[in-house]
Asks: 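My structure is below; once you've seen it, I'll send some questions.
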Amino acid sequence: MARKKFRFRRIKRLLSVLLFLAMFLGAGLLLPTFAHMTAETSIVQSLPDAQNLVEQGRKFYEAQRFADAVTSWQQAISAFKAKGDQLKQAMTLGNLSLAYQQLGQSTEAEGAIAQSLNILQTAQNTKERSQILAQALDIQGRLQLAQSKAQDALNTWQQAVDIYAKIGDENALIRNRINQAQALQALGLYRQAQKTLCESTQLLQNQPNSPLKVTALRSLGNVLRVTGNLEASRQGNLETSPQCYLKTSRQILQQSLEIAYSLPDKQPVADVLLSLGNTARSEQKIPDAIEFYRQAANAATSPSIRIDAQINQLKLLLESKQITAVQALLPQIQTQIGDLPPSRTAIYARINFAETLTQLRQNTNTDTPSWVDIAQLVSSAVQQAKSLQDRRTESYALGVLGSLYEETQQWSDAQNLTQQALFMASAIDAKDIAYRWQWQLGRLLKARGDIKGAVATYEQAVNTLQSLRYDLVAINPEVQFSFREKVEPVYRQLVELLLQPPYQGGAGGYPVKKIS
């Protein structure tokens with residue numbers, strides 16, 4: 001009797017947490033705006049070797065070859081140190097921290113930015129030193145936000161704002177405020193985040209059209225969407241309130257789009273169209289979302305953005321059962337995806353495409369593409385992540401590959417891959433994907449009849465989710481899946497396991513398919 005009461009209390013507690021998370025997770029995630037690169041953007045043949053290495057690292061970074069960027073910048077730092085050039089050494093250490101952050105190496109990232117700040121503390125107080133110090137603080141704030149230290153990030157970015165204000169760098173100040181808005185959202189201060197972005201757009205209102213103005217407006221439009229508030233808050237007197245308070249997410253994004261169209265570089269057009277597609281999807285205006293994604297794909301100058309838009313379009317076509325359109329779009333994506341240069345974006349494109357192909361097979365009972373083809377697509381993503389030394393994306397790719405083996409009932413291989421993915425995610429403290437592999441491992445243990453082990457693993461997933469509930473909006477959303485859809489089954493399935501007699505339970509009824 002006591003055991004039944006204990007089990008009931010556990011289930012009741014889990015259901016309470018589930019209801020809380022269902023409300024909290026409705027907000028979605030905000031695409032981050034990161035501190036800009038501090039390396040110089042031009043190069044001439046006469047520049048010294050150290051500066052050439054800085055430029056080479058910048059190019060690697062922009063190509064998402066982060067490990068190569070680390071190597072170049074480490075060499076540049078040694079050269080600057082030998083020459084006694086403290087400011088360029090500090091600047092390059094800041095860039096090095098950015099690359100380490102991308103690789104999920106937070107300890108190394110902390111060490112690099114700490115070195116940069118220490119050097120700057122003793123450097124002569126000049127305008128150039130102030131500029132580099134503010135940029136280093138921007139980078140430190142980004143690291144703190146990634147570590148779920150939102151208040152620390154906010155404090156750090158506010159220090160940088162004071163410096164930018166003193167040296168009169170208004171554009172850097174606005175970029176910083178866009179970053180601050182992310183920290184405010186992570187703290188649950190959505191109204192303040194909206195206010196910060198609104199003020200930033202007001203500061204830019206009378207300036208010439210620029211990529212920064214596009215970014216500020218797009219960020220504000222995204223805030224209105226991801227907080228679940230598709231119409232802007234109507235605060236204060238309608239006659240005196242800034243116009244950005246009185247517009248919907250779509251209206252703000254349309255304004256951003258008009259500015260993007262006026263710029264020579266057309267890539268921001270595709271970025272905004274992608275955001276408009278996401279907003280239309282949130283509004284459940286699926287035909288509009290499909291059209292925005294189609295336009296984004298056509299406007300994209302970046303192959304990775306084009307494929308992202310096409311995959312989003314493909315998912316909606318599949319969800320709305322437009323199978324003829326799905327079959328027409330598939331070959332376009334398949335042709336392009338193999339040509340993407342190795343990068344984190346290319347890896348996630350492959351994974352997202354593979355997951356969509358899996359849904360196609362499950363929902364339409366088609367045998368094309370084969371499970372072998374889908375598995376090979378994910379395997380190539382794993383290999384790319386390994387070559388880039390990108391542990392976060394490697395973890396995600398391994399876990400998705402494990403889910404394919406789960407789908408085909410190859411339990412041993414599925415469990416091995418899932419455990420590798422979980423170990424890697426835990427090593428870099430990536431809780432937002434670790435819970436998914438804990439859940440997957442729990443399902444596999446259940447399928448193999450280990451109910452006790454399954455319950456223990458499900459409970460680990462629950463604990464991970466509970467540790468995430470206050471900082472979900474600070475998570476880097478490179479792993480694009482719906483938390484609402486993915487979280488609720490974890491609790492529900494754990495409740496079902498707890499209601500079963502110990503060490504009993506079925507295998508889950510998986511279809512028998514083989515990857516051979």
Asks: Checking side-chain polar atoms at under 3.5 Å, does Glu170 have a donor or acceptor matched by the opposite partner on Gln207?
Replies: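 Side chains of Glu170 and Gln207: pair found under 3.5 Å.
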Asks: What heavy-atom pair brings Ser275 and Arg225 nearest, and what distance separates the two atoms?
Replies: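 In terms of heavy atoms, the two residues are closest at O-NH1, 3.3 Å.
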Asks: Using modelled atom types only, decide if a donor and an acceptor are shared between the side chain of Ser380 and the backbone of Leu377 within a distance under 3.5 Å.
Replies: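 Here the side-chain-to-backbone pair exists.
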Asks: Using a cut-off of 6.0 Å, state whether more than 12 heavy atoms not belonging to Gln158 lie near its atom CD.
Replies: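 It does: Gln158 CD has more than 12 such atoms within range.
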Asks: Between Lys59 and Glu62, is there a salt bridge with N-O shorter than 4.0 Å?
Replies: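 Salt bridge absent between Glu62 and Lys59.
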Asks: Using modelled atom types and a 3.5 Å cut-off, is there a donor and acceptor pairing between side-chain atoms of Gln140 and backbone atoms of Thr156?
Replies: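 No, because the side chain of Gln140 does not come within donor-acceptor range (under 3.5 Å) of the backbone of Thr156.
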Asks: Nearest 0.5 Å, what's the OH-CG distance between Tyr293 and Leu274?
Replies: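 So the OH of Tyr293 and the CG of Leu274 are separated by 6.5 Å.
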Asks: Just one of Gln254, Arg218, Gln255, Glu258 clears the side chain to side chain contact (heavy atoms under 4.5 Å, CB included) bar with Val272, so which one?
Replies: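 Looking at Gln254, Arg218, Gln255, Glu258, the match for Val272 under the side chain to side chain contact (heavy atoms under 4.5 Å, CB included) is Arg218.
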Asks: The test is salt bridge (charged side-chain N to carboxylate O under 4.0 Å, His left out); show your working for Asp429 and Lys431 and say whether it passes.
Replies: CA-CA 6 Å; Asp429 199 31; Lys431 295 186 180 70; 2.9 Å; yes
Asks: Using a strict threshold of under 4.0 Å (side-chain N to carboxylate O), is an ion pair present between Lys285 and Asp288?
Replies: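 No salt bridge links Asp288 with Lys285.
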Asks: Run the salt bridge (charged side-chain N to carboxylate O under 4.0 Å, His left out) check on Arg175 and Asp138 step by step: do they pass?
Replies: CA-CA 9 Å; Arg175 277 191 293 268; Asp138 277 344; over 6 Å; no
Asks: More than 12 non-hydrogen atoms from neighbouring residues, nucleotides or ligands closer than 6.0 Å to CD on Gln124, yes or no?
Replies: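 No.
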Asks: Should the heavy atoms of other residues, nucleotides or ligands under 6.0 Å from NZ of Lys266 be counted, would the total exceed 12?
Replies: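 Above 12, so yes.
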Asks: Going through the checks in order, is the side-chain contact (heavy atoms from CB on, under 4.5 Å) test met by Ile174 and Thr201?
Replies: CA-CA 9 Å; Ile174 292 170; Thr201 61; over 6 Å; no
Asks: So, the side chain of Arg350 versus the backbone of Ile337: is there a donor-acceptor pair under 3.5 Å, distance only?
Replies: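 Yes; at least one donor-acceptor contact below 3.5 Å.
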Asks: In sequence, state the C-alpha distance, the side-chain angles, and the governing distance for Tyr396 and Tyr348, and then conclude on side-chain contact (heavy atoms from CB on, under 4.5 Å).
Replies: CA-CA 9 Å; Tyr396 193 58; Tyr348 282 119; 3.5 Å; yes
Asks: Any ion pair linking Glu394 and Arg391 (charged N to carboxylate O, less than 4.0 Å)?
Replies: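 Answer for the salt bridge query: no.
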Asks: Distance-only, no hydrogens or angles: does the Thr418 side chain make a donor-acceptor pair with backbone N or O of Trp437 under 3.5 Å?
Replies: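 No, because the side chain of Thr418 does not come within donor-acceptor range (under 3.5 Å) of the backbone of Trp437.
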Asks: Listed by chain and number, what are the ring-ring contact (aromatic ring centres under 6.0 Å, His included) partners of Phe66, not counting sequence neighbours?
Replies: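 Per chain and number, Phe66 pairs via ring-ring contact (aromatic ring centres under 6.0 Å, His included) with Tyr61.
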Asks: Where do Thr71 and Phe60 land on the side-chain contact (heavy atoms from CB on, under 4.5 Å) test, with the steps shown first?
Replies: CA-CA 10 Å; Thr71 300; Phe60 282 138; over 6 Å; no
